[in-house]
Amino acid sequence: MMLEAGEERLVRACQRLPKVELHAHLNGCIRPSLLLELAEERDIVGQLSLSDFKDVILKEDRSLEECFKLFALIHILTTDHGIITRITKEVIEDFASESVVYLELRTTPKHNEKVGMSKRSYVEAVLAGIRATDAAFPLESFFACEEKICASSATMETPNHRCDEKKIGRIHVRLLLSIDRRESVEGAMETVRLAWEMRHLGIVGIDLSGDPCIGDWKTFLPALTWAKEQGFPVALHCAEVRCYFFSSSKLIDA
Ligand SMILES: CNc1ncnc2c1ncn2[C@@H]1O[C@H](COP(=O)(O)O)[C@@H](O)[C@H]1O
């Protein structure tokens, strides 16, 4: 879409405006280019056919149902620790490049025996991505650096422009662990206990998400009640689908 000059300036100004992002699902923010790269690798070894999935990956407007089909594909493609760390790093860089100064990522810890992944090691892989980016990716500063991107302290001074080091922004990232609505009572409890144990590492709460047409609210009640008893914040996805208003209101009441 072509933008008028004034609109372009407005978009640019909005991009540079410092922002807070409180609702980003890690695997929902994966770069399409990485998904294509991973699908291509699987195509080469004959594990899936890229031509079957290319349209699903590149489609822009999706219904809720199509989103969950894409999530299923993403979860097939992103099964090892290295990829999880890379996705985390890239997602943070993408938000930072849009001047997000505080980011709350949420993600569902997964276990996958085939690659030696437990829920804990999944979270550790995400935290490794956060640490890698936190240390190395100062933000473009809206207030101090005008049009210039201060990539590191070594490049902060130019003949015509001096960035004040104190004002250079840095993206701050925190994590919520998600319970998927497909999980069991025990699975949900494992995630909540893990989040509580790892709270000193930047885990700030629990999220209940996943396909709203799946699962029974009673399954998640013990885990969410336990989190509440510890004083641990809980975010609920609810009421996305009309016929599930009842279960949503039950969870909110609880
Ligand atoms: C209306 N939008 C939505 N409603 C409910 N759940 C959603 C969602 N968008 C994303 N997710 C949840 O986030 C997972 C992908 O990220 P992670 O693998 O956890 O990082 C999806 O599988 C789904 O469980």
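All ligand and atom numbering here is 1-based and tracks the order in the structure. Values reported hereafter were calculated over all heavy atoms of this structure, with side chains retained and with hydrogens, waters and symmetry mates removed.
At a threshold of 4.0 Å, the pair Arg182-Asp211 does not count as salt-bridged, since none of the basic side-chain nitrogens sits closer than that to a carboxylate oxygen. Ion pair Lys89/Glu93 flagged as a salt bridge, since at least one NZ, NE, NH1 or NH2 atom sits closer than 4.0 Å to an Asp/Glu carboxylate oxygen. Ion pair Glu8/Arg12 not flagged as a salt bridge, since none of the NZ, NE, NH1 or NH2 atoms sits closer than 4.0 Å to an Asp/Glu carboxylate oxygen.
Note on residues 66-86: pairs passing ring-ring contact (aromatic ring centres under 6.0 Å, His included), not counting sequence neighbours, are Phe68-Phe71.
Looking only at protein heavy atoms, the nearest one to atom 2 (N) of ligand 1 is Leu64 CD1, 4.4 Å. Atom 20 (O) of ligand 1 has as its closest protein heavy atom Thr107 OG1, 2.6 Å. Ranking protein heavy atoms by distance to atom 13 (O) of ligand 1, first place goes to His25 ND1, 3.0 Å. Scanning all protein heavy atoms for the shortest distance to atom 5 (C) of ligand 1 gives Gly210 O, 3.3 Å. Closest to atom 22 (O) of ligand 1 among all protein heavy atoms lies His75 CE1, 3.1 Å. Of all protein heavy atoms, the one closest to atom 3 (C) of ligand 1 is His237 CD2, 3.9 Å.
Close approach of ligand 1 to Leu26 (heavy-atom distance below 4.0 Å) involves ligand atoms 20 (O). Listed by number with element, the atoms of ligand 1 under 4.0 angstrom from any heavy atom of Thr108 are 17 (P), 19 (O). Each of the following atoms of ligand 1 lies closer than 4.0 Å to a heavy atom of Asn27: 15 (C), 16 (O), 17 (P), 18 (O), 20 (O). Within the listing of ligand 1, atoms 9 (N), 10 (C), 11 (N), 15 (C), 21 (C), 22 (O) sit less than 4.0 angstrom from a heavy atom of Phe71.
The shortest separation from a heavy atom of Arg181 to ligand 1 is not under 4.0 Å, leaving the residue out of contact.
Considering every non-hydrogen atom in both Ser209 and Ser178, the closest pair reads OG-CB, 3.7 Å. Nearest heavy atoms, Leu22 versus Arg106: O-NH2, 3.1 Å.
Hydrophobic cluster membership differs between Leu26 and Ile76, with clusters built from Ile, Leu, Val, Met, Phe, Trp and Tyr side chains linked at under 4.5 angstrom. Grouping the Ile, Leu, Val, Met, Phe, Trp and Tyr side chains by contacts below 4.5 angstrom, directly or via other members, places Val204 apart from Val20.
The N/O atoms of Lys110, backbone and side chain alike, include one that comes under 3.5 Å of an N/O atom in ligand 1.
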